[in-house]
Protein chains: 2
Amino acid sequence: MKQTQTEARAIRAVPPRGATTTKTRILDAAESLFMEHGFEATSLRQITALAEVNLAAVSYHFGSKEELFESVLTRRLDPMNRERIALLTRFEREDASDVLSCERILTAMFIPALELARDRERGGQNFLRLLGRAYADPAPFIRRFLSEQYAVMIARFKAAFGRALPNLPKKELSWRLHFVMGALSYTLAGTDALKLIAALSPRDAGNDEILLHRLAPFLVAGLKAPLPDLSEFDGGGGSPRQAGGS
Amino acid sequence: MKQTQTEARAIRAVPPRGATTTKTRILDAAESLFMEHGFEATSLRQITALAEVNLAAVSYHFGSKEELFESVLTRRLDPMNRERIALLTRFEREDASDVLSCERILTAMFIPALELARDRERGGQNFLRLLGRAYADPAPFIRRFLSEQYAVMIARFKAAFGRALPNLPKKELSWRLHFVMGALSYTLAGTDALKLIAALSPRDAGNDEILLHRLAPFLVAGLKAPLPDLSEFDGGGGSPRQAGGS
DNA sequence: GTAGCATTCAAACAAACGTTTAACTGAATC
DNA sequence: GATTCAGTTAAACGTTTGTTTGAATGCTAC
């Protein structure tokens, strides 16, 4: 039990030994530290110190630092995206009309993320911030991994949005989904969002539901925005009309 | 002229020696590499090799790696934000009505960014991506630096948006500006945006104007979205009504 | 021409990095 | 009770990191 690691007992953010396996202890510690400092700035020695396991355990259980990072993401991302697709399918089956509204589709995207955020015991809070960070990371292996993980889900939701917004050209829809993912990931990454919550309404602190419920109307309106008039951008403007359907 | 640096001549992305000063050569190389790999993943040896200057020159001219990073950001960010405020002030003076439209205010935000992106010779393209990345970076010194740099500009624009959207509570406006900055920075960071451009319309590749002209209507609609109904989120929804003014 | 100054240079610094090694544990299998 | 094997351990591997050093350089001023 003598821990001769590098140093610095580190602040206990992981349950005591014995109650958990080495593998999950590493995943939890890595999730927390990757979120806080990013992939490159987090060392395996910090991770194993926080997890109170041996340094070599990472190589043994995961192979490398990159594979550890992918495991951290997969553990939560895979079930979440699966749940998103399942929820969307259920909505489509249950709904009376044959096309879902944008609000409903966005709901299918948000609910699984909310469940994860609420699941504080399993560190979901940390994970969403980590995910938001990963979106902005230029490391090739991260980008490759994310686009693989998201490909199926994004295609599925793009089709649903396409039906909800029949007047919106496919090209335009791709852009707007890009913007949606941008606002979403930036909000989830939220080093600033947390400060915003605290500053605006201290009692809401840590309540991700309210955050996402504010984001949804913003995004729905953006998705339904009138088509861009590329000819006169900086000419200023009249008030926009609705373009998308429903 | 004998370059005994670490190795790897590196791909020439910086003008030949002699034509530029050591200081700007370092800034250019750092801008390019920080953008591509992030702050932590970029070493001073990579930077000085690309710039074809001595390793110690960084310490001599900038003091440390962190100070170099801040210098890279300041060089372009400071003039850009200054220009944004100047443009907004000019719009307010020129405009017939006493309140600017959201479109016009957003234009004052975008134009200086566009000018920077267009100014390819001075590496503006690279810089915007670097800036988008920095937004998502959790490193304390980066966050501190950015919020200091942006404080004045954001406050100025928030006031303008407040006048443009008189029916929108201040609290709600803070949130929506947060989402706006999110979509904007994610788009600018754009590892994916570049792929999107190439995939959707190859002839537009590298044309940031079109990108931002698509983003503007999306954001304006979001800003004007109806107030969120926090009581029944996942109940699905009727079609939204305009909430903001103008 | 020599003093002063800013700049550049090769070399070295200690520290930290991801990964590997070989010895060692403890329970399950024969 | 010997064998096996997944798991853990301390220690070391060779690199690479940001930063510092002290000598050399080139220029301006006296």
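Small disclaimer: the values here were computed from a predicted structure and weren't measured. First the proteins, then the strands, lettered A, B, ... as listed; each starts at 1.
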Margin query: A:Thr42: which residues meet the side-chain contact (heavy atoms from CB on, under 4.5 Å) condition with it, sequence neighbours left out?
Written below: A:Leu33, A:Phe34, A:His37, A:Gln46, A:Ile47
Item checked: Residues which pass side-chain contact (heavy atoms from CB on, under 4.5 Å) with A:Glu67, listed by chain and number, not counting sequence neighbours -> A:Ser64
Next item on the list: Can you sort out the partners of A:Glu66 under side-chain hydrogen bond (donor to acceptor under 3.5 Å, both in side chains), two or more places apart, ordered by chain and number?
Entry: none
Next item on the list: Kindly write out the residues that satisfy side-chain hydrogen bond (donor to acceptor under 3.5 Å, both in side chains) with B:Arg156, not counting sequence neighbours, or none if the list is empty.
Entry: B:Thr89, B:Glu92
Under 4.0 Å from OP1 or OP2 of [N]: is there any side-chain N or O of [X] that close?
X: B:His61; N: C:dT8; value: yes
X: B:Thr22; N: C:dT7; value: no
X: A:Ser43; N: C:dA16; value: no

Next item on the list: Could you provide the dot-bracket string of DNA chain D, using ( ) for intrastrand pairs, [ ] for crossing pairs and | for bases paired to another strand, with Watson-Crick or G-U pairs below 3.5 Å?
Entry: |.|||||||||||||||||||||||||.||
Check: Once you round it to whole Å, what is the distance between P of D:dT21 and OH of B:Tyr60?
Finding: 15 Å
Next item on the list: Take the protein atom CZ of A:Phe39 and the nucleotide atom C1' of C:dC17, then report the distance between them rounded to whole Å.
Entry: 12 Å
Provide a list of protein-nucleic acid N or O atom pairs under 3.5 angstrom, restricted to nucleotides 19-22 of chain C.
from   : atom 1 : to      : atom 2 : distance (Å)
C:dT19 : OP2    : A:Lys65 : N      : 3.0

Notebook entry, point to check: Which atom names give the shortest non-hydrogen contact between A:Met109 and A:Arg84, and what distance separates them?
Noted result: O-NE, 2.9 Å
Check: Taking all atoms of both residues into account, what is the closest heavy-atom pair of B:Ala134 and B:Ile142, and its distance?
Finding: O-CG2, 3.7 Å
